[in-house]
Amino acid sequence: MDAQYTTLFDILNSSIQYTIPKYQRAYDWKAHKEIPDFWEDLVEATSSDNDDSSSLYMGDILLQNIDTDIKGVKRYEVIDGQQRLTTIFIFLIVLRALANNIINTNTDDDAESPDYNDDGQDLISSIDRSIIIRVKKKNDDILRFNPTNKIGDLFKHMAREKWNGSFPKDKKYESQIKIVKPVYNKLYGYAEKYCDNELDKLNHLHDTLCLEVKFVKIIFDNALEAYDVFERTNARGKKLTTSDLIKNYLFSKSNEFQSKIKINIEDFWFSLEGKTEDKMEKMLKGYYVSRNGKVSQRNLYSKIRQEAGQTKLDQFIENLENYADYYQAFNKCKEESYLFKQWLKKNELLPKEQYRQEEYIRLITSFNFMNIIQVQPLIYAHLYACKKLFEDKTQAAKSFILTMRILEGYHIEGQFIKQQANVVENLYAESAQKLFNAGDRQEINAIRNTIINKFKTNKLDDKALESAICGLHYDKNARKIKHLRDYIENAGRSLSEKRIEIFNISSSSPLYTCDHIYPQELCKQEGWAQNEMDSIGNIIVIEKSLNSKMQADAFSQKKEWLLKQKNIDDHVRRFFEGTTEWNKEQVEKRSLDWAKEYLKAKGKKLKC
């Protein structure tokens, strides 16, 4: 390692090319956030005396010395310092464009003099030499700075000596322009106002940038040493995330990947980002928890790296990729249920029976609807345990479905009564670790019983549940009411029996809807309050095909019409056959009936 205190002038007047490696995140300094601070610091340096106290120190830049095939040119990869260097080189392009504009627009006597134009051209030439490294053959000239690929094409376009300041309209530049143009425009506006069309001020600004902006360059020959320091150092840049650090670690092993296991780490990481979209951190945490249990976000990187170091690289990559596939399939189960089936099949976990396959999908979509993200690592660990410990897929499916139905029942209650999320998260993390490392089937049963007992200790009494269900209203809880009716009607039903698909969020066209028993218009005419009209007691869950034909009639007419229909569900028929009149008192009674039906369903034995 070699550390050097240096000015920007030294960086711009050497035969060294600075390259941002592919694994680095995109340039993300914002015109409204970081750029004003950068400008204020620079302006302060321009107005100070030329001593060390006036210098603008911009932190450490971590560099790795890498091979190059260009004679007379060194190449450094920028391990840390991308945001600052990218901004500086964009600013150099701004100064060059402003110099051209000042020369072209000034009409005073000074502007017409040869010396004035010569000064302007000298400045432009100096900036060109800062941006471009000259080699023997002009066609072989190279950029001194190669930014991240996310803005690389646009930067090359802007860095050309004769760029006129107009951004290209080609579609391939669109996303890059969105990143760079606001920064460029902000810096141009600052510099234009500061210089006030005076070339001397522009020269002074350029000199300050080159001579007063200072860094400590830390140069490594050993890649692993460079990456290790990078993990602990971030200078003025954005705080590094776990995914940034994991990506950095894997790229530090890229030679090993390519020589031993033939994996292109760039393609692999790009694939992971596509599967997790903007939730890479959650996926990584879920991956770790599914195997090792509870971990804080603060310790997540060190724990994953420790695991990676203790596992063969190809196995670690395979494990991470498999969990990312599972994560994607789980989260997209509502819209693309085939992804979850594909994942199950690939991992030899798909049940033989179609109705059990459908129950897997139903359970996953149910957890999705309730937004129970803590359950994801536990489900993965349970499936892993089933694959490892059951030779018979039917027995494995029964074990899995039984556990999942217990969890589903608990969380259905959680929709009505607020539960302590941290209690569940800790329980599920601990259970996931035990399931993943389970040595026999009895352990799975023991873990399931532990979960049940924990639920019992947190359980609310029946009166509290009754009150919560009676308090549900159609205007805010229509989907929850359908979910509740689905649970009531299917509780205790064997999987081989036909399920009443009241709540099917994976369907783009649900078969059931919620309808007011006493129509809204009549409620309003008779002066019912909104909460009385929309109370769960005044709601019936009914097939859409029937609801579309049913008129907004009074209770007796609606009852007469419905009971003539052959295809109404049993719960609808039972209700209308057992009710002779409808009023506010009946609504209160019906609300209690909903609660009683749920409590009865909850007590039924689960059949898998």
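Computation of the quantities below employed the complete heavy-atom set of this structure, encompassing side-chain atoms and omitting hydrogens, waters and symmetry-equivalent molecules.
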Enter the distance from [X]:[atom1] to [Y]:[atom2] here, rounded to the nearest 0.5 Å.
| X | Y | atom1 | atom2 | answer |
| --- | --- | --- | --- | --- |
| Q315 | Q310 | CD | CD | 14.0 Å |
| K150 | D28 | NZ | CG | 10.5 Å |
| H206 | F9 | NE2 | CZ | 9.0 Å |

Output yes when a side-chain donor or acceptor of [X] lies under 3.5 Å from a complementary backbone atom of [Y], and no otherwise.
| X | Y | answer |
| --- | --- | --- |
| D221 | N65 | no |
| E281 | S243 | yes |
| R75 | Q17 | no |
| D170 | K172 | yes |

Open item on the list: Check this for me: does any side-chain nitrogen of one of E277 and K332 sit under 4.0 Å from a carboxylate oxygen of the other?
Closed with: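 A salt bridge links E277 with K332.
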
Open item on the list: Between the side chains of K346 and E318, is the shortest nitrogen-to-carboxylate-oxygen separation below 4.0 Å, so that they form an ion pair?
Closed with: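 Result for this pair is no, no salt bridge flagged.
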
Would you say [Y] and [X] are linked by a side-chain donor-acceptor pair, where the criterion is simply a distance under 3.5 Å?
| X | Y | answer |
| --- | --- | --- |
| T7 | D10 | yes |
| Y188 | N101 | yes |
| N331 | Q376 | yes |

Open item on the list: Is the distance from the ring center of H157 to that of Y184 below 6.0 Å?
Closed with: no

Open item on the list: Could you check, using the six-membered ring where one of them is a Trp, whether Y323 and Y380 have ring centers closer than 6.0 angstrom?
Closed with: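 Under 6.0 Å, so yes.
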
Task: Over all atoms of both residues, closest heavy-atom pair of H204 and Y194 - done: CD2-OH, 3.6 Å

Open item on the list: Looking at every heavy atom in both M58 and R84, which two are closest together, and how far apart are they?
Closed with: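 Reported closest heavy-atom pair: O-NH1, 2.5 Å.
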
TODO: For the residue pair Y76 and Y18, categorise the inter-ring angle as parallel (less than 30°), tilted (30 to 60°) or perpendicular (more than 60°).
DONE: perpendicular

